[in-house]
Amino acid sequence: MSVRPDLITLWSFLAFAVERFVEIIVSIIPDLHKKRLLGVEMPLLLALVLSLTIAIGTSLDFFQVFSIEFRWPLVGYVLTALVMTGGSNLIHDLVSWVRAGKEAGQARVKELARED
């Protein structure tokens with residue numbers, strides 16, 4: 001069984017899209033970042049809702065790729081949404097890591113320019 005590169009690309013794009021949508025919503029309504037519902041942080045709930053919307057709205061079930069079919073199709077959509085939600089956290093961490101590296105590099109360039 002091999003993993004299709006197009007699905008990895010699709011998953012990465014969707015996880016990135018979910019992450020960006022959550023960032024945009026939280027920047028529009030900053031208080032959401034501090035709120036919790038049933039003990040769960042709102043940005044995580046937003047990511048789950050967006051992932052569920054995408055998975056159900058597009059009939060995206062990653063498990064079908066591996067010929068895994070559930071008796072109730074909704075299960076595949078929900079599990080796919082959970083994977084996308086977790087992926088959005090991974091994408092967030094990667095973006096933060098790249099951003100921090102970029103800022104550190106810019107600070108180093110400014111420091112070197114001052115030394116000259």
| Glu19 side, atom CD; Leu50 side, atom CG - distance, nearest 0.5 Å | 10.5 Å
| Is there side-chain contact between Leu79 and Leu82, with heavy atoms separated by less than 4.5 Å? | yes
| request: Return the set of residues passing side chain to side chain contact (heavy atoms under 4.5 Å, CB included) with Leu74 (not counting sequence neighbours), or none when no residue passes. | output: Ile56, Tyr77, Val78
| request: Determine which pairs satisfy salt bridge (Lys or Arg N to Asp or Glu O under 4.0 Å) with at least one residue from residues 51-74, sequence neighbours left out, and list them in order. | output: none
| field | Gap between atom OG of Ser59 and atom CD1 of Ile54 - 0.5 Å precision | value | 13.0 Å
| message | Rounded to the nearest 0.5 Å, what separates atom CD1 in Ile25 from atom NE2 in His33? | response | 13.0 Å
| Is the number of heavy atoms from other residues, nucleotides or ligands within 6.0 Å of CZ (Phe21) greater than 12? | no
| query | Tell me, do Thr85 and Val18 make a side-chain contact under 4.5 Å, heavy atoms counted? | reply | no
| query | Where do Ala81 and Ser51 come nearest, in terms of heavy atoms and distance? | reply | O-CB, 3.3 Å
| said: Looking at every non-hydrogen atom in both residues, tell me the closest pair between Ala15 and Met84 and how far apart they are. | reply: CB-O, 4.1 Å
| query | Of all heavy-atom pairs between Pro43 and Val26, which one has the smallest distance, and what is that distance? | reply | CG-CG2, 4.2 Å
| Tell me the salt bridge (Lys or Arg N to Asp or Glu O under 4.0 Å) pairs involving residues 37-48, sequence neighbours left out? | Arg36-Glu41
| query | Among all residues two or more places apart in sequence or in another chain, which pass the side chain to side chain contact (heavy atoms under 4.5 Å, CB included) test with Leu45? | reply | Leu37, Val40, Met42
| Where at least one partner belongs to residues 72-83, residue pairs that pass salt bridge (Lys or Arg N to Asp or Glu O under 4.0 Å), sequence neighbours excluded | none
| query | With the 4.5 Å side-chain cut-off for hydrophobic clustering, are Leu38 and Val49 part of the same group? | reply | no
| query | For Phe13, which residues count as a ring pair (Phe, Tyr, Trp, His ring centres under 6.0 Å) partner, sequence neighbours excluded? | reply | none
| CG of Leu52 to CG of Leu60: how many Å apart, nearest 0.5 Å? | 11.5 Å
